[in-house]
2 protein chains.
Amino acid sequence: MHRSRVGVLLIDHPPEVSDRATRFWSEVVGVTPDLDEDGVYTSLGRVGSVLFETQQVGEGTESRIHLDVETDEVDSEVKRLQGLGAEIAEVREGYVIMRDPGGLIFCVVPVQSGETFEREATVWS
Amino acid sequence: MHRSRVGVLLIDHPPEVSDRATRFWSEVVGVTPDLDEDGVYTSLGRVGSVLFETQQVGEGTESRIHLDVETDEVDSEVKRLQGLGAEIAEVREGYVIMRDPGGLIFCVVPVQSGETFEREATVWS
């Protein structure tokens with residue numbers, strides 16, 4: 001038995017537009033952006049109970065939005081999602097990048113939202 | 001004075017993968033998909049307080065995720081977002097398609113989430 005939920009909404013832009021886009025989306029929702037130490041992710045608070053972030057992706061990567069499915073058991077959730085038709089794109093340290101049946105990138109990551117996860121995650125048996 | 005919030009999260013796929021992707025995402029979150037009358041949008045309930053939908057887009061359109069900013073005054077919100085650096089991509093009947101400073105598509109739409117909008121929208125003056 002494990003749990004998961006769609007927990008994080010990320011807006012990804014390459015370096016040349018990342019700062020402008022982060023400032024833009026922070027003003028769309030009216031928060032002060034909070035850049036993490038490594039300069040890649042910026043927290044824009046939450047949209048409802050979903051964590052809202054921007055990510056600076058590599059040069060040449062196209063701008064996009066992607067979702068993180070957060071879970072208390074990454075391996076079990078990856079297996080469940082493979083059974084539903086997703087494919088593994090890349091296994092990273094502690095999380096897995098997957099593609100939905102249309103090729104869209106999303107990630108399966110450990111729990112990010114703390115108490116919100118406890119309250120809102122779905123139990124899969 | 002008007003109000004807005006990020007209210008809808010849409011997963012867009014072209015016709016050849018749309019049904020499979022809709023079934024996939026409905027099972028990711030554990031809901032029964034609810035296709036609308038015109039066969040374009042399918043409701044997958046909510047992620048937290050954000051409406052979660054799939055959209056069948058035109059043939060040849062690349063799979064993507066886009067956000068709808070819902071507002072009680074579309075024109076005022078479009079002007080606010082233009083002031084923040086967004087550009088109008090296309091004006092449609094009742095809503096506007098825009099691009100963020102990195103070129104990412106999003107829409108400004110009338111209120112979609114009813115009471116949730118009343119509770120969670122931000123007031124702009």
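We name chains A, B, ... by the order of the sequence lines, and we start the count at 1 in each one. Predicted model, so just to flag it, every value in this text is computed and none were measured.
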Rounding to 0.5 Å, atoms CD (B/Glu62) and CZ (A/Arg64) come to a distance of 11.5 Å
Greatest number of non-hydrogen atom pairs under 4.5 angstrom with chain A, of B/Ala21, B/Gly102, B/Gly85, falls to B/Gly102
Exercise. Counting only N and O atoms by type, is there a donor-acceptor contact under 3.5 Å from the side chain of B/Arg80 to the main-chain atoms of A/Val28?
Worked result: yes
Okay, A/Val6 and chain B: the region with an atom under 4.5 Å from a heavy atom over there is both
Yes or no on side-chain contact (heavy atoms from CB on, under 4.5 Å) for B/Arg23 and A/Leu84, after CA distance, side-chain angles and deciding distance?
CA-CA 9 Å; B/Arg23 196 163 55 244; A/Leu84 299 179; over 6 Å; no
Output for pair (B/Asp100 CG, A/Thr22 OG1), nearest 0.5 Å, gives 9.5 Å
Bottom line for B/Val50: the part with an atom under 4.5 Å from chain A's heavy atoms is side chain
Of B/His13, B/Arg46, B/Glu120, the largest count of non-hydrogen pairs under 4.5 angstrom with chain A goes to B/His13
Cut-off 4.5 Å, heavy atoms of chain B, and the answer for A/Glu27 is both
Given A/Thr122, A/Ile105, A/Leu67, the one with more heavy-atom pairs under 4.5 angstrom with chain B than any other is A/Leu67
Mind checking whether B/Tyr95 and B/Val91 sit in one hydrophobic cluster, side chains of I, L, V, M, F, W, Y counted as touching below 4.5 Å?
no
From the list A/Val47, A/Val29, A/Leu104, A/Val17, the residue making the most non-hydrogen contacts under 4.5 Å with chain B is A/Leu104
| Under 6.0 Å from the CD atom of A/Glu87, do we count more than 12 heavy atoms belonging to anything else shown? | no
query = Is B/Phe24 linked to A/Ile97 within one hydrophobic cluster, defined over Ile, Leu, Val, Met, Phe, Trp and Tyr using a side-chain heavy-atom separation of less than 4.5 Å?
reply = no
Bottom line for A/Leu9: the part with an atom under 4.5 Å from chain B's heavy atoms is side chain
Report the relative orientation of the aromatic rings in B/Phe106 and A/Trp25; use parallel for angles under 30°, tilted for 30 to 60°, perpendicular for over 60°. perpendicular
task: Verify the cluster assignment for A/Leu81 and A/Val96: are they in a single hydrophobic cluster under the rule of side-chain heavy atoms below 4.5 Å apart?
output: yes
Should B/Phe52 and A/Leu51 be counted in the same cluster of Ile, Leu, Val, Met, Phe, Trp and Tyr side chains packed under 4.5 Å apart?
-> no
Bottom line for A/Ser63: the part with an atom under 4.5 Å from chain B's heavy atoms is both
Would you find more than 12 non-hydrogen atoms of other residues, nucleotides or ligands less than 6.0 Å from A/Arg20 atom CZ?
-> no
Linking I/L/V/M/F/W/Y whenever their side-chain heavy atoms sit closer than 4.5 Å, directly or via other members, would B/Ile65 and A/Leu10 fall into one cluster? no
Okay, A/Val69 and chain B: the region with an atom under 4.5 Å from a heavy atom over there is side chain
Looking only at B/Ser18, B/Pro14, B/Gly7, B/Gly48, the option with the highest number of non-hydrogen pairs under 4.5 Å against chain A is B/Gly48
